[in-house]
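Remarks on the structure that follows.
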Number of protein chains: 2
Amino acid sequence: MDDHTDQIRKPRADAVRNRERVLEAAKAVFNAGGPEASLEAVAKRAGVGIGTLYRHFPTREALFEAVYRREVEQLSELAEQLKNAKDPVAALRRWLHSGVEFVATKKGMMAALALAVQSGSELHAFSFDRLTKAIGSLLDRAVAAGGMRADISPEDLLRAFFGMCYVHDQAGWQATALRLLDVFIDGLRVRPKIKERAARRTSPAAKRKR
Amino acid sequence: MDDHTDQIRKPRADAVRNRERVLEAAKAVFNAGGPEASLEAVAKRAGVGIGTLYRHFPTREALFEAVYRREVEQLSELAEQLKNAKDPVAALRRWLHSGVEFVATKKGMMAALALAVQSGSELHAFSFDRLTKAIGSLLDRAVAAGGMRADISPEDLLRAFFGMCYVHDQAGWQATALRLLDVFIDGLRVRPKIKERAARRTSPAAKRKR
DNA sequence: TTGTTAAACGGAGGGTGCCTCCGTATCTTC
DNA sequence: GAAGATACGGAGGCACCCTCCGTTTAACAA
């Protein structure tokens, strides 16, 4: 039981191709039909057997993660950029708002985030780590700058964000989500100087209906 | 096509009995196994055929509403009582905290609330109206007392509440939810006097882990 | 009581989706 | 080209959803 250098074979061409096809199909199907969409539909669309799909992505979650990995990364990179903004609280706000944008665009995104948020069990999804770190960095800066209370964890904030977006398929939910997030951020703020606050007031805020 | 006084027959005894049984069984099953639990399991537990279950509750949602109606009413009544509290902001906070309690106790409650929150389509569930009104009354008083900004609707708040409870099956979620709700309420407050705020600081707040 | 009839029962059955398993096909390597 | 590893695909078993309709049963009248 030695000798044969464990050289790895080149991965099979068809396998690579099929994986890609499935991913493509899944993206299309999820973005359109929501997260309930059947995996068999995905397989059919990809032109592969259901068995192949399951071999590449053993669970629905795995497929979700793969499909929305790029999006999560984008969101994460955005946080990276915003880290250099001069007003860290505003940066956090902008990041959250972008998150809403993402959810609005990608119909299956919420399901993907749900995984991250629940972070059920051991696997501790890629998305969870990534997003937690992203938020954490923004949060830390805001706290360090003295603009924000320190007793909320990135995980908490992620959950809150997710929660506010929950109703992502109701008409007008975006405005609601943005408003709720703004309120939340206000709650996070260490009491600001009056002027500063008044200034900020002018921009966001949506007019209330009733 | 006249004459026969449309006297209504007394409802059949077995129908009444079965309805009750199903409700009972559903309560048990949902509270234990969560909202995913199969309706067939409910039927079996109730000792009735699946057809009977469907006749009484044509949709899963209908059954949910029926099962959690009492809970929603309790929550709603609590709001009624709290209306007389002297500090309306604190009253709102207490109500929300009670909500968390409810969710913690009843395993299917979140699913029931989900219905209310989504309020998908026309039916505009009983729960939605009831909870919206409950929150509305508390909110209005707080706003009227000058303690709270006026641009958040009861619906919004309900959604936010729901969102904060979303992770209701993770260890320690309750503490998180309470903390998040507190932050949110802080965000809702019209900027308070300093003393007041400092005083409140002492009680709630959970220590942050990291 | 007994008969009539509307109301309710129950579960078979058709549909869909999940996931596994394994005989077959295809690719890589020598 | 042959061998062996790897991947394919879809049949099949399972669970659940929901509908439909022949059978049963309770309410009412005679």
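Reckoned from all heavy atoms, side chains included, excluding hydrogens, waters and symmetry mates. Chain letters run A, B, ... following the sequence lines, proteins first and then strands; every chain starts at 1. Here the structure is a predicted model, which is why all the values come from computation and not from measurement.
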Side chains of B:Asp182 and B:His97: closer than 4.5 Å at any heavy-atom pair? yes
Can you tell me how far P of C:dA6 sits from CZ of B:Arg55, to the nearest Å? 17 Å
From the candidates C:dG10, C:dC19, D:dA7, the one with an atom nearest any side-chain atom of B:Thr52 is C:dG10
Short side-chain N/O contact to D:dC8 OP1/OP2 from A:His56, under 4.0 Å: yes
Could you tell me the separation between the CG atom of A:Leu63 and the P atom of C:dC18, rounded to a whole number of Å? 11 Å
Quick one: which of D:dA11, C:dC9, D:dC18 gets closest to the side chain of B:Ile50? D:dC18
A:Tyr54 has an atom OH; how far is it from atom C1' of D:dA7, in whole Å? 18 Å
Does A:Arg60 place a side-chain N or O at less than 4.0 Å from the phosphate oxygens OP1/OP2 of C:dC18? yes
Using atom NZ of A:Lys44 as one end and atom C1' of C:dC18 as the other, report the distance to the nearest whole Å. 15 Å
Does the side chain of A:Asn18 get closer than 4.0 angstrom to OP1 or OP2 of D:dA7 through an N or O atom? no
Do side-chain atoms of B:Arg141 reach the backbone of B:Ala85 as a donor and acceptor pair under 3.5 angstrom? yes
Output the single nucleotide from C:dT28, C:dG17, D:dC17 whose closest atom is nearest the side chain of A:Glu40. C:dG17
Does the side chain of A:Arg9 get closer than 4.0 angstrom to OP1 or OP2 of C:dC27 through an N or O atom? no
D:dA26 P sits how many Å from B:Asp14 CG, rounded? 6 Å
Compare the minimum distances between each of D:dA27, C:dC18, C:dC27 and the side chain of B:Lys10, then state the nucleotide with the smallest one. D:dA27
Charged N-O contact under 4.0 Å between A:Glu20 and A:Arg17: no
A:Arg21/A:Glu24 ion pair, N-O < 4.0 Å: no
Side-chain contact test, heavy atoms from C-beta onward, threshold under 4.5 Å: evaluate it for A:Ser127 versus A:Leu113 and give yes or no. no
Figure out the CZ/C1' separation between A:Arg17 and D:dC8, and round it to whole Å. 11 Å
Given D:dA7, C:dC19, D:dA27, the nucleotide with the shortest approach to the side chain of B:Arg12: D:dA27
For B:Gly51 and for A:Ala41, find the nucleotide of DNA chain C with the closest heavy atom, then tell me which residue's nucleotide is more 5'. B:Gly51
Distance, rounded to the nearest Å, where B:Glu20 contributes CD and C:dC9 contributes C1': 18 Å
Closest-nucleotide ordering on DNA chain D, the 5'-leading residue of B:Pro11 and B:Ser38: B:Ser38
Round to a whole Å and report the spacing from CD of A:Glu36 to P of D:dC17. 13 Å
